[in-house]
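Okay, so here's the structure we're looking at.
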Amino acid sequence: IKNPYSYSKFSRFPSVERDLAVIIPKDLLVAPIIQTIKEVSQIISDVSLFDIYDGSGIEEGYKSVAFRVTLSDITKTLSEQDISPIMENILQVLNNKFSAKLR
């Protein structure tokens, strides 16, 4: 009988959350962006959308989307030196793939 349950190790170390807001074309779907962010690093444990805005201050045809990125490492407590390059890499990948700009 195949086991219907699966598990993965969880970290004894605290996770870190960073918020990221980017400007993207209005017709672009959010799901591919979330998937792309998750693929940037193995220590990204979760990505969730928490805001979409397309009002004043946002160029016509664009929207602002904000994500909460959760990072967690099973071997150590993450430092800013661990986190910053990953966040910069996320921005670069989103810019290259979706023409996203930091808000």
Side-chain angles (χ1 to χ4, degrees):
I1 296 174
K2 190 174 180 179
N3 186 352
Y5 302 101
S6 67
Y7 68 94
S8 59
K9 279 188 169 183
F10 64 90
S11 179
R12 305 181 328 221
F13 304 98
S15 61
V16 177
E17 293 181 340
R18 292 288 187 267
D19 293 345
L20 176 67
V22 293
I23 306 292
I24 59 172
K26 198 174 236 180
D27 60 345
L28 194 59
L29 297 176
V30 172
I33 296 174
I34 290 173
Q35 186 59 40
T36 299
I37 293 171
K38 287 179 179 179
E39 293 169 357
V40 167
S41 173
Q42 290 180 325
I43 67 169
I44 296 174
S45 58
D46 189 44
V47 179
S48 58
L49 174 72
F50 71 86
D51 187 45
I52 298 176
Y53 176 74
D54 66 356
S56 93
I58 304 297
E59 187 179 340
E60 185 68 33
Y62 290 85
K63 63 185 173 186
S64 169
V65 290
F67 302 96
R68 179 152 296 129
V69 180
T70 305
L71 303 104
S72 180
D73 193 315
I74 63 170
T75 62
K76 64 180 180 175
T77 298
L78 295 171
S79 68
E80 199 55 43
Q81 291 95 335
D82 299 318
I83 299 164
S84 291
I86 292 170
M87 297 306 292
E88 290 171 18
N89 195 17
I90 289 171
L91 281 172
Q92 185 175 17
V93 168
L94 294 181
N95 181 276
N96 292 342
K97 194 168 181 178
F98 303 106
S99 299
K101 306 278 187 234
L102 183 64
R103 176 163 183 215

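These numbers come from the heavy atoms of this one structure, side chains and all, not from hydrogens, waters or symmetry mates.
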State, to 0.1 Å, how close N95 and A100 come at their nearest heavy-atom pair, and which atoms those are. ND2-O, 3.0 Å
In Å and rounded to the nearest 0.5 Å, what is the CZ to CD1 distance from R18 to I86? 10.5 Å
I'd like a table of donor-acceptor pairs (distance under 3.5 Å, sequence neighbours excluded) in which one partner is a side-chain atom from residues 28-42, with atom names and distances.
from, atom 1, to, atom 2, distance (Å)
Q35, NE2, E39, OE2, 3.2
T36, OG1, P32, O, 2.8
T36, OG1, K97, NZ, 3.4
S41, OG, I43, N, 3.2

For V93, is there any backbone N or O sitting under 3.5 Å from a side-chain donor or acceptor partner on N96? no
Minimal heavy-atom distance between F13 and T75, with the atoms involved, is CE1-C, 3.3 Å
Straight-line distance of I58 CD1 to I24 CD1, nearest 0.5 Å: 10.5 Å
Rounded to the nearest 0.5 Å, how far does CD1 of I83 lie from CD of E17? 11.0 Å
Where is the tightest heavy-atom contact between L49 and I52, given as atom of each residue plus distance? CD2-CD1, 3.7 Å
Tell me which pairs pass side-chain hydrogen bond (donor to acceptor under 3.5 Å, both in side chains) where either residue lies in residues 58-71, with sequence neighbours left out. D19-R68, S64-R103
From L20 CG over to F50 CZ, what is the distance, rounded to the nearest 0.5 angstrom? 9.0 Å
Flag side-chain contact, heavy atom, 4.5 Å: I44 against I90: yes
Give, for atom CG of D46 and atom CZ of F67, the distance between the pair rounded to the nearest 0.5 Å. 12.0 Å
Quick one: side chain to side chain contact (heavy atoms under 4.5 Å, CB included) partners of S72, sequence neighbours excluded? S11, S15, S45
